[in-house]
Amino acid sequence: MDLKDLYRDVIVDHNRHPRNFGALQPADAQADGHNPLCGDRLTVYVNLEGDKIAQAKFDGAGCAISVASASLLTEAVKGKSRSEVQDLFEQIHALLTQQDAQADVDKLGKLAALSGVREFPARVKCASLCWHTLNAALDRADASKSASTPVSTPVSTE
Ligand code: ZN
């Protein structure tokens, strides 16, 4: 299967059947993301176990790419440490923005499909919104370790 087929199949599948969709309650941290260029609005929720992401969920509404990307993200980051998530984010960011970045399908699995988004530069922010929102939630978790109520942090990719 080439990357174009992977792109189409994965985006369609994860948009129609988003994984880990819905609020996580209670969540250790959450953040809201908004992509004003497209109108995508997502909330990403995480539960942490020490340094690892024990559970990640999302809800909201947006275009097919933003929803599929968030669905892929919640599957990919579960069980990963913060530094592994950061590493993954950097790889995805390179895939989305660098024409010559190679998708390592063995390492990235279905996330490699996101490399197809760079054919549509206007949609890159749709695909990266959930990642920026996750980062904001994790930053919030650091900032409010002692707080009992999760606070929602607005993010904009504008
Ligand atoms: Zn979008």
Side-chain angles (χ1 to χ4, degrees), residues 1-25 27-47 53 55-80 82 84-105 107-141 150-158:
M1 181 182 274
D2 71 21
L3 276 174
K4 273 208 168 65
D5 292 336
L6 183 69
Y7 170 73
R8 197 181 50 231
D9 292 354
V10 168
I11 299 293
V12 167
D13 175 35
H14 279 257
N15 177 49
R16 278 192 194 147
H17 310 287
R19 318 301 199 270
N20 305 304
F21 188 84
L24 194 55
Q25 282 174 333
D28 290 332
Q30 67 187 70
D32 298 325
H34 177 215
N35 172 17
L37 293 176
C38 180
D40 312 311
R41 284 185 184 277
L42 299 174
T43 302
V44 173
Y45 308 85
V46 288
N47 276 341
I53 294 182
Q55 180 67 270
K57 293 186 74 171
F58 79 103
D59 63 13
C63 67
I65 291 173
S66 67
V67 170
S69 181
S71 172
L72 289 163
L73 171 142
T74 56
E75 281 196 324
V77 301
K78 192 177 168 183
K80 286 202 164 52
R82 299 281 295 270
E84 287 169 330
V85 169
Q86 191 56 37
D87 189 49
L88 204 54
F89 172 71
E90 280 162 20
Q91 290 180 61
I92 298 297
H93 196 258
L95 271 189
L96 289 172
T97 56
Q98 295 168 21
Q99 287 299 332
D100 56 349
Q102 292 294 315
D104 185 341
V105 181
K107 203 169 163 192
L108 292 173
K110 282 186 283 183
L111 284 171
L114 290 173
S115 65
V117 175
R118 67 184 177 214
E119 306 295 323
F120 314 98
R123 315 314 292 274
V124 167
K125 288 191 173 182
C126 302
S128 61
L129 176 65
C130 58
W131 290 90
H132 292 295
T133 309
L134 172 69
N135 277 340
L138 293 174
D139 287 347
R140 172 62 69 176
V151 187
S152 191
T153 316
V155 183
S156 173
T157 61
E158 199 167 22

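Atoms within each ligand, like the ligands themselves, are counted from 1 in listed order.
Between Thr74 and Phe21 the shortest side-chain heavy-atom distance does not fall below 4.5 Å.
Tally of protein N, O or S atoms closer to the Zn ion (ligand 1) than 2.8 Å: 5.
Tyr7 meets the ring-ring contact (aromatic ring centres under 6.0 Å, His included) test with no other residue; sequence neighbours excluded.
Using modelled atom types and a 3.5 Å distance limit, the side chains of Tyr45 and Asp59 yield a donor-acceptor pair.
For the pair Lys110 and Glu75, the salt-bridge criterion is met [side-chain N within less than 4.0 Å of a carboxylate O]. Using a cut-off of 4.0 Å between Lys/Arg side-chain N and Asp/Glu carboxylate O, Arg19 and Asp13 are scored as salt-bridged.
Shortest non-hydrogen contact noted between Val67 and Gly62 is CG2-O, 3.8 Å.
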